[in-house]
Amino acid sequence: MLAAQNQFQCVFRSKMLHDLLKPLQFASHCYWTVSPDGIVIAVHESKAMEARALITSDFFESFEFHQQEDLVFGLDIKTLLECLGLFVQEVEIEQQTQLSQMNPVFQRKDIVHMAYPQQGGELQLSLVDDDQETHVTLFLFEGITDFSLADQFSDESVRTSAIVDAKWMQNTFAELDSSLSEFKIEMRERAPFLQISGETVTGKMSVAFARNNHVMESFECHQNIAEKYKSSLIKPVQKALLMSSKVHIRVNERGMLALQIMMKMRSETPIFLEYYVSPLSDDQL
């Protein structure tokens with residue numbers, strides 16, 4: 001049972017949170033902002049890329065927040081995922097053991113209790129059922145990064161926007177040569193409306209998206225764009241695409257790319273990952 005004096009506490013399924021955060025494991029630290037509405041978890045790659053998991057309070061089995069101001073803190077994302085992974089593995093082993101013994105009466109539940117205690121400085125996780133408890137304490141560091149690409153992106157500055165099928169987007173990156181150092185994304189008022197391309201020493205490769213309901217759910221273009229992005233900043237997105245259904249692509253007046261990915265989760269509430277990628281500047285081309 002979680003203590004009432006905790007500043008924040010919630011209950012969730014370890015596999016769901018583990019799978020959701022795994023695409024963010026391209027940086028060493030993650031930064032949390034906890035509010036009555038839920039949790040935003042952000043990671044950064046220098047100042048060129050930011051990814052965020054937007055987890056509403058409805059995602060959790062229960063969610064309690066006992067502060068007037070948002071909680072902000074950071075922790076090692078690799079350690080967090082290792083902890084959640086151990087919980088997932090522990091449950092799976094127990095379930096396999098019970099199945100092999102033909103004893104379906106006891107099956108360990110994949111339920112984790114998380115708490116931020118009153119004194120702060122740590123995050124407490126517990127895998128609990130009737131017969132066994134596993135406890136882990138993760139140490140935190142104070143504050144949050146003062147840099148955010150997401151804060152620099154506004155709907156008013158969007159030049160082009162499209163909602164496309166995630167599988168098509170994943171196949172596009174798979175078809176393009178993995179040796180590409182950069183991708184070029186073009187969005188136009190006329191065909192090809194959306195095209196992703198790249199160049200190698202052997203030639204140019206490109207994939208164009210058809211403007212139909214099967215591939216492209218919606219498309220808006222207020223100004224033609226053609227921007228280049230480092231492939232190393234795009235590749236982390238591909239892990240999220242494997243677990244998603246739709247991708248909302250936007251490019252603002254500065255050429256910043258925003259990808260909002262709807263994840264396929266066993267949750268009634270839609271869960272999104274967001275990626276913000278800065279374009280290559282002229283002196284980088």
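Residues: numbered from 1 along the sequence shown.
- In this structure, the side chains of Ile55 and Phe12 stay at 4.5 Å or more apart for every pair of heavy atoms.
- Contact of the Leu194 side chain with the Glu186 side chain is not registered, since no non-hydrogen atoms from C-beta on lie closer than 4.5 Å.
- In this structure, Met49 and Val277 approach most closely via the heavy-atom pair CG-CG2, 3.7 Å.
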Item to complete: Could you check Asp19 against Val88 for side chain to side chain contact (heavy atoms under 4.5 Å, CB included), going step by step and ending with a plain yes or no?
Response: CA-CA 10 Å; Asp19 291 347; Val88 172; over 6 Å; no

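- Under the 4.5 Å side-chain heavy-atom criterion for Ile, Leu, Val, Met, Phe, Trp and Tyr, Leu257 and Phe209 are members of the same hydrophobic cluster.
- Taking Phe60 as the reference, Phe63 meet the ring-ring contact (aromatic ring centres under 6.0 Å, His included) condition, with sequence neighbours excluded.
- Proximity of Gln7 to Gln118: side-chain heavy atoms (C-beta onward) are separated by under 4.5 Å at one or more points.
- Asn224 places a side-chain N or O within 3.5 Å of a backbone atom of Glu189 that can act as its donor or acceptor partner.
- Cluster membership check: Trp32 does not share its hydrophobic cluster with Leu54, using side-chain heavy-atom separations under 4.5 Å among Ile, Leu, Val, Met, Phe, Trp and Tyr.
- The two residues His29 and Asp76 have their closest heavy-atom pair at CD2-CA, 4.2 Å.
- Rounded to the nearest 0.5 Å, atoms OG (Ser62) and NE2 (His113) are 7.0 Å apart.
- Ring geometry, Tyr31 versus Phe141: the interplanar angle exceeds 60°, so the pair is classed perpendicular (tilted spans 30 to 60°).
- Under a 3.5 Å cut-off, the side chain of Ser157 and the backbone N or O of Asn252 do not form any donor-acceptor pair.
- Between Phe73 and Val34, the shortest heavy-atom distance links the atoms CE2-CG2, 4.0 Å.
- Following chains of ILVMFWY side-chain contacts shorter than 4.5 Å, one cannot reach Met262 starting from Leu21, and the two form parts of different hydrophobic clusters.
- In the hydrophobic clustering of this structure, Phe272 does not group with Ile261; members are Ile, Leu, Val, Met, Phe, Trp, Tyr whose side-chain heavy atoms approach within less than 4.5 Å, directly or through other members.
- Both Trp168 and Ile234 are part of a single hydrophobic cluster, where members link through side-chain heavy atoms under 4.5 Å apart.
- Checked against ring-ring contact (aromatic ring centres under 6.0 Å, His included), Phe219 has the following partners two or more places apart in sequence or in another chain: Phe193.
- Judged purely by atom type and a 3.5 angstrom limit, Glu217 has no side-chain atom pairing as donor or acceptor with the backbone of Val164.
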Original post:
Please walk me through it: do Leu273 and Met243 pass side chain to side chain contact (heavy atoms under 4.5 Å, CB included)?
Top reply: CA-CA 11 Å; Leu273 294 184; Met243 301 185 293; 5.9 Å; no

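- The two residues Val215 and Ala210 have their closest heavy-atom pair at CB-O, 3.8 Å.
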Evaluate Ser148 against Glu50 for side chain to side chain donor-acceptor pair (under 3.5 Å), listing each step before the verdict. CA-CA 7 Å; Ser148 174; Glu50 176 181 347; 3.3 Å; yes

**Request:** Starting from the C-alpha separation in whole Å, work towards a yes-or-no answer on side chain to side chain contact (heavy atoms under 4.5 Å, CB included) for Met16 and Ile271.
**Result:** CA-CA 11 Å; Met16 289 179 64; Ile271 301 297; over 6 Å; no

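- Note that CD1 of Ile41 and CZ of Arg52 are 11.5 Å apart. Values are rounded to the nearest 0.5 Å.
- Within 6.0 Å of atom NZ in Lys47, 12 or fewer heavy atoms from other residues, nucleotides or ligands are found, so the atom counts as exposed in its surroundings.
- Once rounded to the nearest 0.5 Å, the distance linking CG of Leu127 with CZ of Phe87 reads 5.5 Å.
- Here Met216 contributes atom CE and Asp165 contributes atom CG; the two are 11.0 Å apart, rounded to the nearest 0.5 Å.
- Side-chain contact check for Phe65 versus Leu71: some heavy-atom pair is nearer than 4.5 Å.
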message: Between Gln152 and Arg254, does the side chain to side chain contact (heavy atoms under 4.5 Å, CB included) criterion hold? Intermediate values first, please.
response: CA-CA 10 Å; Gln152 301 176 27; Arg254 295 174 47 214; 3.2 Å; yes

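- Residues Ser14 and Leu84 come closest through the heavy atom pair CB-O, 4.3 Å.
- Thr160 places none of its side-chain heavy atoms less than 4.5 Å from the side chain of Gln223.
- Atom SG in Cys30 sits 14.0 Å away from atom NZ in Lys78 (nearest 0.5 Å).
- Side-chain atoms of Glu182 do not come within 3.5 Å of backbone N or O of Tyr229 as any donor-acceptor pair.
- With rounding to the nearest 0.5 angstrom, the OG atom of Ser197 is 6.0 Å from the NZ atom of Lys184.
- Counting heavy atoms from C-beta outward, Glu220 and Val158 have side chains that stay 4.5 Å or more apart.
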- request: Just do the salt bridge (Lys or Arg N to Asp or Glu O under 4.0 Å) check on Arg159 and Glu227 with the steps written out, would you?
  value: CA-CA 12 Å; Arg159 294 156 57 189; Glu227 299 285 354; 3.8 Å; yes

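- In plain terms, the two heavy atoms of Leu24 and Ala53 that are nearest each other are CD1-CB, 4.0 Å.
- For the pair Lys235 and Phe173, the minimum side-chain heavy-atom distance is 4.5 Å or more.
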